[in-house]
There are 2 protein chains.
Amino acid sequence: MIESDELLSIRAAELYYEEDKTQDEIGSILALTRWKVGRLLAQAKASGFIRIEIVHPRARRLPVERRLRETCGLTDAVVVSTSGVEDQDELQSRTAQAAADYLAALRPVPRTLGISWGRTLDDVSRHLEDGWASGVDVVQINGGVSLNRRAGTAASTAVTMAQKAGGHATLLPSPAILERLETKRAIESDRAVAAVLSLAADADAYLFSAGAADASSVLVDSGYLTPDDVAELVRRGAVGDVVGRYVDASGAIVDHGLDGRTIGLPLERLRAAQLSIAVIAGAAKHAVARAVVTSGLCTVLVTDEETALHLIENHRPVHDSEDHA
Amino acid sequence: MIESDELLSIRAAELYYEEDKTQDEIGSILALTRWKVGRLLAQAKASGFIRIEIVHPRARRLPVERRLRETCGLTDAVVVSTSGVEDQDELQSRTAQAAADYLAALRPVPRTLGISWGRTLDDVSRHLEDGWASGVDVVQINGGVSLNRRAGTAASTAVTMAQKAGGHATLLPSPAILERLETKRAIESDRAVAAVLSLAADADAYLFSAGAADASSVLVDSGYLTPDDVAELVRRGAVGDVVGRYVDASGAIVDHGLDGRTIGLPLERLRAAQLSIAVIAGAAKHAVARAVVTSGLCTVLVTDEETALHLIENHRPVHDSEDHA
DNA sequence: CGCCGGCGTGCTCATATGAGCAAAGATCGC
DNA sequence: GCGATCTTTGCTCATATGAGCACGCCGGCG
């Protein structure tokens, strides 16, 4: 009975979805009433035999977004489809695009937006359309005078975002991490720097990304840390960095010494924010993403489908942890 | 213009298919009239952004069947879905199941059915339901007294099919291939054998499979040929065997000497048949499948999706050829 | 400058679909 | 074997969707 109905529902589904027949027509083909056909179809859908997928680089996964919001207690979530993604860059780009879209659609429009910097954020800035908002000021929330050839990426991200929104950018004129605590204190108390930090602390919204805890980090690339430093941090439980600060799986600072020498908004400020948007994509960042989400660092997460599913499956309300690649 | 419509159609599709919103609701969400939404949705479908797949072991691919029928000039085609197939056995089994279904649904019911033997056909016989027909007589169309431990498989296939249909089986009491032409002629002229062959030649319908040309062939397994024999046949262009006879890509007999020593229905009889059903699945059999279809050996093909797509793509009206694994 | 043809838009109307309900049938315990 | 209950079936009615059409907008051309 149940067996034959299942088979029938498959036959009906084939005719309905693949041959565009009407339920009535299917009824006469399979010798059933159209109501029976309707029920068969409903059953097929409910049993998950019918898989509908939207294949497009800019497709989102609304049901996943909903689950992500619910299980992780986010105010909003944007999940981009990973189907047909060819490489990591493609994934990054799609996610950044989605973040740009989200930002542009944001209401009310924030007067001041605090942003971090890095490859992801830069990608977002490039995906924003000219005139995406009118008059949004952009402030850097962590230090980032780049020490290497990529100098200026941090600045250009902020400037691009501000320009395209017809607002202006406020850069944080300071390194990300200082070698000595005294130097850090001195820079922090510098009038110019202090003013930016205070502006940053007053931003209406934040947009930031996170880095995986490995040698590929921008902090290593920019020369603030050595691969060995990172390895040591990992040994002590670090899963990645958020606005320049290394956190463990529970979102706690790993090395308070290092953290004390890091310039920028404290994570507590992000946790207290009304609106803070994290943009995190890629398998390498699953662990950080989880730390960010479970420790309440963001209210909105923009990510890829795989990361989202990982978060949904592994959501436990914060404590120590194991993890993936 | 076109760009923004594309994006809109994706958003609409997400809401329609993933969130089960009505077109009207989507209209108010995206600030569009419901007609516009309907058109966007139609556009999304037409552009192929919406992929609907029926995931079920017994799902068929009706659109592929249609294309297969049309491009290859078959009277009918059955294509089983390969999604979620784990191994080759699963694929075989699904295809055999489909063939059994097809056979059971066949109208008019053939009075006499000629069948070959082998792993695939045996699988079909096992998938048939008891009472799948009432009174169908089954006749073997090629020799197959098995020389090895699997003895009886050929016989049991025919007997099972006949029993389940409430008809009776007629076995061909002869080896598949003889070593000497004279022996073959002698056996062929034996009254009992000749009677079966003539019955086979008069069958209303045929059901057969095909083997790939490699050492895994049942003909090798049963001891009729050595792996070296097969290698030599391959060198001479063989792509596989059909009812015990090795054919090349154009469906022509490869080795007339060998063919002369093979007992069973000549391929010409199959080509002339009103209804001959081939059941062929698996990547290893793409080449034979192509030979069978292009040379008109079957009027109906039961196969898997990948093979079907291969046939559709590589359909050229017969001549020499290259080929895949 | 104004006319015409093509296209996109929003409409009317016919059709397809889904919700809810009453009757028929199956299933179980007694 | 019989009745109570629970499921399944085919219906009526409300709603959602698709076809076709008239209108208005735009760009080209006289």
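So you know, we letter chains A, B, ... as the sequences are listed, proteins then strands, and number each from 1. Because only heavy atoms are used, hydrogens play no part in the values below, and waters and symmetry mates are left out as well, while side chains stay in. This is a predicted model, so every value here is computed, not measured.
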### Task
May I have all residue pairs that pass salt bridge (Lys or Arg N to Asp or Glu O under 4.0 Å) and include part of residues 85-97 of chain B, sequence neighbours excluded?
B:D89-B:R119, B:E90-B:R94

### Query
A:F49 vs B:H56 aromatic rings, parallel, tilted or perpendicular, using cut-offs 30° and 60°?
perpendicular

### Query
Rounded to the nearest Å, what distance is computed from the CG atom of residue A:D5 to the P atom of nucleotide D:dT7?
15 Å

### Query
Quick one: does A:D304's side chain have a donor or acceptor within less than 3.5 Å of a partner on A:A281's backbone?
no

### Message
Whether B:K164 and B:E129 form a salt bridge (side-chain N of Lys/Arg under 4.0 Å from carboxylate O of Asp/Glu) is what I want to check.
### Response
no

### Query
Along nucleotides 13-20 of chain D, 5' to 3', which nucleotides get a B, which get an S, and which get a -, given that the test is a protein heavy-atom distance under 4.0 Å?
---SBBBB

### Message
Just the rounded figure in Å: distance from P of D:dG10 to CG of A:L40.
### Response
12 Å

## Note on the structure
In whole angstroms, the gap separating C1' of D:dT9 from CG of A:L32 amounts to 12 Å

### Summary of salt bridge (Lys or Arg N to Asp or Glu O under 4.0 Å) pairs that have at least one residue in residues 7-27 of chain B, sequence neighbours excluded
A:R61-B:E18, A:R66-B:E19, B:R11-B:E14

### Message
Does C:dG10 have OP1 or OP2 under 4.0 Å away from a side-chain N or O of B:T33?
### Response
yes

#### Entry: Any donor-acceptor pair under 3.5 Å from B:S9 side chain to B:E6 backbone
yes

